[in-house]
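Heads up: the structure comes next, in structure tokens.
Note that this is a predicted model, so its numbers are computed, not measured.
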Amino acid sequence: MRVHVDRAVCENHGQCVFAAPEVFAFDDDEVLRYDPSPGPGLDEAVTRAARVCPLRAITLDGGPE
Amino acid sequence: MSRRTEAVVVVGAGLAGLSAATALRDRGFGGRLTVVGDEPHGPYDRPSLSKDLLTGRRAEEQTGLPLPPDLGARWVLGRSAVRLDRAGRRVLLDDGSALEYDGLVVASGASAVPWPGPPAPPGGVHTLRGRGDALGLRAALRRGDPLLVVGAGFVGSEVASAARELGVPVTLVDRARTPLEGALGPVAGRLFAGAQARAGVDFRAGTAVRRLLGERSLSGAELSDGTRVRAGAALVALGARPNTAWLRGSGLRLGGGAAPGLVCDHRRRALGQDGAPAEGVVALGDVVAAPNPLPGAGAPSHLVIGHWSEAVDHADAAAAALLGQEGPGTEPVPSFWSDQFGLRVRSVGLPRLADRTEVREHDPDRSRLEVTYHRGGRLVGALTVNRTSRLAAHRARILRERAAHGALA
């Protein structure tokens, strides 16, 4: 699955980090880092992360459907 | 023994109602789905009402929450539920009609606590809960009249921030010594007090509003220390109360105190008077009195959490419970955020339960703060300001300690 975060929209709420810590994390400069193409084992976590983003800044491509 | 669910009624068309409806479809519910909302429009994003909608960074049309294209729900808007007839499995609406259900989601949210003092002038006194409230307040801010904010909690402080951004003079009155002290403790409170002072907020600590003055429209207020402040508009920001009046007499259990929530179990099943889950009723969001997710010595057994995260994080569990399916295995940790005065406030857990706080980092120059909250020796919450990167580790520790203590039913 391909992951994209719209940085113009993201406000560092951090909900994605809670939902999918394998994919999303903040670095020491408070910048969100993420893996744009996580393995298929993480589809569920990534889908949850996209859903819990309060600003809906995360879009996904090539999901299981 | 639950019968097959064919018709679900969701009372409440906010984030919780929408989340519940979406989760029910995700779990394969193919029956009739009706969502009732007392506002004339569908779900919208409430957090922006006290921030970007006021400053104009976001327009009214941009606050709507997107609906899943295949949701297949019937929306009954501009109608409120007035009574629950559990024996007849019906929700009675204010137009005299009734909706029959075999599954009910109570997502009726909360209302702003109204001005509790002596009679106030009819004009210029606001509360903030719905989008209509925010638009009324925005109009007042655009006129530029000095604003009085009663209560320095999250809503009051965020509105003070938006008003200062617009150049509106703000007096903020609270009984506490610092803003947000009740929710976050004195260290965080002092950081907010500093940020507010730099932004030009006139914060009146340890003070209450005795009377709101004015004949037809607000002209000012008299404070408990005898001083008077001039104001053309006031925001009464004294918290929220769950909307449970329509559930009285239904046999569902309501919590104690002045603001009773609907008492639920971990799966968000509403409890009856006997303490057992009521057949076919779940609840979600601000209306819920939830089992304390971080139980510890002396902590309350149930509490109204009222965060955005509650409406989203528990939707799947509630949908599973209503459909008689097995729910998710882990219980989420509450979280919240607030953006004000250039401070990015983020929190996990329930800092309000703390009997001790620990400051991990405090860098006033960069307005950075990291505080952990403890109760009975256990971590119950963490707060960061401009330091979101530190939060995930605290959340993980809360989960670990909770698992080790086996505190969850």
*Measuring heavy-atom distances to chain B, does Arg48(A) have an atom under 4.5 Å in its side chain, in its backbone, in both, or in neither?*
neither

*Quick check: are there more than 12 heavy atoms from other residues, nucleotides or ligands sitting under 6.0 Å from CD of Glu11(A)?*
yes

*asked:* Would you say that more than 12 heavy atoms from the other residues, nucleotides or ligands in this model lie under 6.0 Å from the CZ of Arg131(B), or not?
replied: yes

For the student: nearest non-hydrogen atoms of [X] and [Y], plus distance:
{"X": "Asn12(A)", "Y": "Arg346(B)", "value": "O-NE, 2.8 Å"}
{"X": "Asp28(A)", "Y": "Arg368(B)", "value": "O-NH2, 4.2 Å"}
{"X": "Ala392(B)", "Y": "Val17(A)", "value": "CB-CG1, 3.8 Å"}

_Any donor-acceptor pair under 3.5 Å from Arg387(B) side chain to Glu30(A) backbone_ = no

*What part of Arg46(B) lies closer than 4.5 angstrom to a heavy atom of chain A: side chain, backbone, both or neither?*
neither

*Quick one: what part of Asp316(B) sits under 4.5 Å from any heavy atom of chain A, side chain, backbone, both or neither?*
neither

*Between CG of Leu32(A) and OG1 of Thr388(B), what distance do you get to the nearest 0.5 Å?*
10.0 Å

*Option that, when pairs with chain A are counted at under 4.5 Å, heavy atom only, ranks first among Asn386(B), Leu15(B), Asp313(B), Thr22(B)*: Asn386(B)

*Heavy atoms only, distances under 4.5 angstrom: which of Ser309(B), Ser19(B), Ala396(B), Pro66(B) has the most pairs with chain A? Name it, please.*
Pro66(B)

*Apply the ring pair (Phe, Tyr, Trp, His ring centres under 6.0 Å) test between His13(A) and each candidate in Trp337(B), Phe336(B), Trp308(B); give the one that qualifies.*
Trp337(B)

_Test item: side-chain donor near acceptor, Gln15(A) and Ser335(B), under 3.5 Å_ = yes

*Show the numbers, then the answer: is there a side-chain contact (heavy atoms from CB on, under 4.5 Å) between Phe18(A) and Val333(B)?*
CA-CA 9 Å; Phe18(A) 303 153; Val333(B) 176; over 6 Å; no

